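Throughout, residue positions are numbered sequentially from 1 according to the sequence presented. Please read these numbers as outputs of a predicted model, since none were measured by experiment.
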Amino acid sequence: MLKTAGRLAAFVDQDRLWSRHMALARIGAFGQTGVNRPALSAHDGKARRQLVDWGRAIGLAASVDPIANLFLELRGDQPDLAPILIGSHLDSQPTGGRFDGVFGVLAALEVMEALVAAGVPPRRTVILVAWTNEEGSRFAPGMMGSAAFAGARALEPILELRDAEGICVKEALAALAAAEDDLPCRPLGFRPAAYIEPHIEQGPVLEAAGNTIGIVSGIQGKRTFRVTIDGAEAHAGTEPHASRRDALLAAVEVVSALSRHFHDPEDITRFTVGRFTVTPNAPSVVPSRVVFSIDLRHPDAGTLQALGDAIADIGRANAGRCDMVVEPLLHDPPLTFAPRLRDKMAGFAEKLGLPFQHMASGAGHDARHLARLGPTAMIFVPCKDGISHNEAESALPGDLHAGAQLLADTVEWLAHASNVDIEELAT
């Protein structure tokens, strides 16, 4: 395929890949190595602009869609063929690190650099994507951009979502668009020939096994909920306990009961209350309202369904004198990525001499929604101690380089694959 010596992986530059990680880590930086870069924020916009500038420097065409997914395109010799899509996201959690999401975007950019340096245009167009609001830390739920792109969620309801400051997605998009008025807008969604997303593992499995690459078999199921418990404000010094409707104590009882119910001796179920808001949040006032989040995950679809369906009954049985409303936000069943594409990637990892293993993802990723559209896969690389969504998040330059090399060789094959080859990946 390449007229130059070696496979495309030979053109992947470890130092450039690392230096770009460090450059983006300065945008929204806090503490020693932390990153706080909310979706559709000024920091997010600055990171996007840097990505566009890097892409334009090697001739990539930049564009955005109505939900602000950002695309950098390297046109192929046969542009009528379905393109190859690669990437991840640039937004972070409030207590995020330097590699979650960003690695997938920069590994994809490094593949584009390699394709240009190789001097032979790909047969299929190759497109880098940075998805909007994967994390969901500002606008919930997450994976907003990829969900809209893939048709998993309608655009209009997404536009009305509001952050903690009352700003809606539509307003945030308008502010971002004003800063990106040089980028053409493309229609929402298309069907790629294949999608690949590199990512740090966000777990300890690869590091413990001494492997450099995880070829991801699929993603466990996830359900999320918003729970609202309403009581009544009262004076902390005068209201008798017998007549109180203390929303905070009720919420504590509900969470404790759910935690007991979801206890799993095999440690497969994942139950998390990650956000807890108390009103009026005053020292001498009995709380009148508590709103909290539930993140529930399991690899078995039936178990996930049953666990989520039990939340309302368990909650009301333990909310005492208070009222409780459970609002379902998200229900993503477990999924399996394209086996034939994973086998291809395993073969390329062997040829590159990269120790690898097949493994499932406990975390959600944009690849979940792209799997609706065609053959999809993910590449994991280790992160130190399995820590993520944390300032201490860390990865080694050599591991990032290895993941980008595997992506490059996989993209090289995909970019020249026939329609028959692509169709076989989906079987």
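The minimum heavy-atom distance between C322 and A250, with the atom names listed, is SG-CB, 3.9 Å. A148 and L188 make their closest contact through O-CD2, 3.6 Å (heavy atoms, listed as atom of the first residue, atom of the second, distance). When all heavy atoms of S388 and D100 are compared, the pair lying nearest together is OG-OD2, 3.8 Å. Between G87 and Y195, the shortest heavy-atom distance links the atoms O-OH, 3.1 Å. Across all their heavy atoms, V126 and A415 have their closest contact at CG2-CB, 4.1 Å. Across all non-hydrogen atoms, the minimal contact from P122 to L74 is CD-CD2, 4.1 Å.
Under a 4.0 Å N-O distance rule, the pair R98/E393 does not qualify as a salt bridge. Electrostatic pairing of D182 and R49 counts as a salt bridge here, judged by a charged N lying under 4.0 Å from a carboxylate O. Between K384 and E207 there is no salt bridge, since none of the side-chain N atoms of the basic residue sits less than 4.0 Å from a carboxylate O of the acidic one. Between R368 and D332, at least one side-chain N (NZ, or NE/NH1/NH2) sits under 4.0 Å from a carboxylate O, which counts as a salt bridge. Comment: D323 engages R245 in a salt bridge, judged by a side-chain N to carboxylate O separation of less than 4.0 angstrom. Under 4.0 Å is where a charged nitrogen must lie from a carboxylate oxygen, and between R37 and D91 no such pair does. At a threshold of 4.0 Å, the pair K170-E160 does not count as salt-bridged, since none of the basic side-chain nitrogens sits closer than that to a carboxylate oxygen. Taking 4.0 Å as the cut-off between side-chain N and carboxylate O, R7 and D409 count as a salt-bridged pair.
The structure places CZ of R342 at 7.0 Å from NE2 of H358, a figure rounded to the nearest 0.5 Å. The NZ atom of K46 lies 5.5 Å from the CD1 atom of I27; values are rounded to the nearest 0.5 Å.
Here the options are H331, H298, R297, the test is side chain to side chain contact (heavy atoms under 4.5 Å, CB included), and the partner is K222; only R297 passes. Of the candidates T303, D309, I311, L304, L307 forms a side chain to side chain contact (heavy atoms under 4.5 Å, CB included) with just one, namely T303. No option in T132, I167, N133 other than T132 meets the side chain to side chain contact (heavy atoms under 4.5 Å, CB included) test with L40.
A distance-only check finds a donor-acceptor pair linking the side chain of D300 to the backbone of G302 [under 3.5 Å]. Although no hydrogens or angles enter the test, the distance criterion places a donor-acceptor pair under 3.5 Å between the side chain of T376 and the main chain of G374. Distance alone, capped at 3.5 Å, is enough to place a donor-acceptor pair between the T410 side chain and the L406 backbone. Using modelled atom types, one side-chain atom of S217 and one backbone atom of M359 make a donor-acceptor pair closer than 3.5 Å. Side chain of D65 to main chain of P187: no donor-acceptor pair is present (N/O by atom type, distance under 3.5 Å, no hydrogens or angles). Without hydrogens or angle criteria, S137 side chain to S92 main chain gives a donor-acceptor distance under 3.5 Å. When atom types are taken as modelled, the side chain of R124 and the backbone of A82 share a donor-acceptor pair closer than 3.5 angstrom. A distance-only check finds a donor-acceptor pair linking the side chain of E171 to the backbone of C168 [under 3.5 Å]. One N or O on the side chain of T33 and one on the backbone of E391 form a donor-acceptor pair closer than 3.5 Å. No donor-acceptor distance shorter than 3.5 angstrom exists from the side chain of E201 to the backbone of V381, with no hydrogens or angles considered.
A 6.0 Å sphere centred on CD of Q32 holds no more than 12 heavy atoms belonging to other residues, nucleotides or ligands. When the shell of 6.0 Å around CZ of R275 is examined, it contains 12 or fewer heavy atoms from other residues, nucleotides or ligands. Atom CZ of R289 sits in a sparse spot, with 12 or fewer heavy atoms from other residues, nucleotides or ligands closer than 6.0 Å. Environment of CZ in R153: crowded, with over 12 heavy atoms of neighbouring residues, nucleotides or ligands closer than 6.0 Å.
Counted by atom type alone, H89 and D366 present zero donor-acceptor pairs between their side chains at under 3.5 Å. Looking only at atom types and distance, the side chain of H389 has a donor-acceptor partner in the side chain of E135 under 3.5 Å away. Of the N and O atoms on the side chains of N211 and Q357, at least one donor lies less than 3.5 Å from an acceptor on the other residue. Side-chain contact check for R340 and T427: at least one donor-acceptor pair (N or O, by modelled atom type) lies under 3.5 Å.
Using cut-offs of 30° and 60° on the angle between ring planes, the pair W413 and F348 is tilted.
For the pair T224/L296, no side-chain contact is recorded, criterion being any heavy-atom separation below 4.5 Å from C-beta on. Taking the side chain as every heavy atom from C-beta outward, M112 and L60 approach each other to under 4.5 Å. You'll find the side chain of L206 reaches within 4.5 Å of the side chain of F380, heavy atoms only. Contact of the R138 side chain with the R162 side chain is not registered, since no non-hydrogen atoms from C-beta on lie closer than 4.5 Å. Here the side chains of S259 and F271 are in contact, with some heavy-atom distance below 4.5 Å. V252 places none of its side-chain heavy atoms less than 4.5 Å from the side chain of V255. Contact check for V216 versus F337: side-chain heavy atoms found under the 4.5 Å cut-off. You'll find the side chain of L106 stays beyond 4.5 Å of the side chain of F99, heavy atoms only.
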**Study point:** Trace of the side-chain hydrogen bond (donor to acceptor under 3.5 Å, both in side chains) decision for S418 with D421
**Key:** CA-CA 5 Å; S418 67; D421 290 334; 3.2 Å; yes

Practice item. Carefully, step by step, assess H401 and V12 under the rule side-chain contact (heavy atoms from CB on, under 4.5 Å). Key: CA-CA 7 Å; H401 180 235; V12 174; 3.6 Å; yes

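Stacking of R186 on the aromatic ring of F71 is recorded, both the 6.0 Å distance cut-off and the 45° axial limit being met.
If you look at F103 and H199, their ring centroids are not closer than 6.0 Å.
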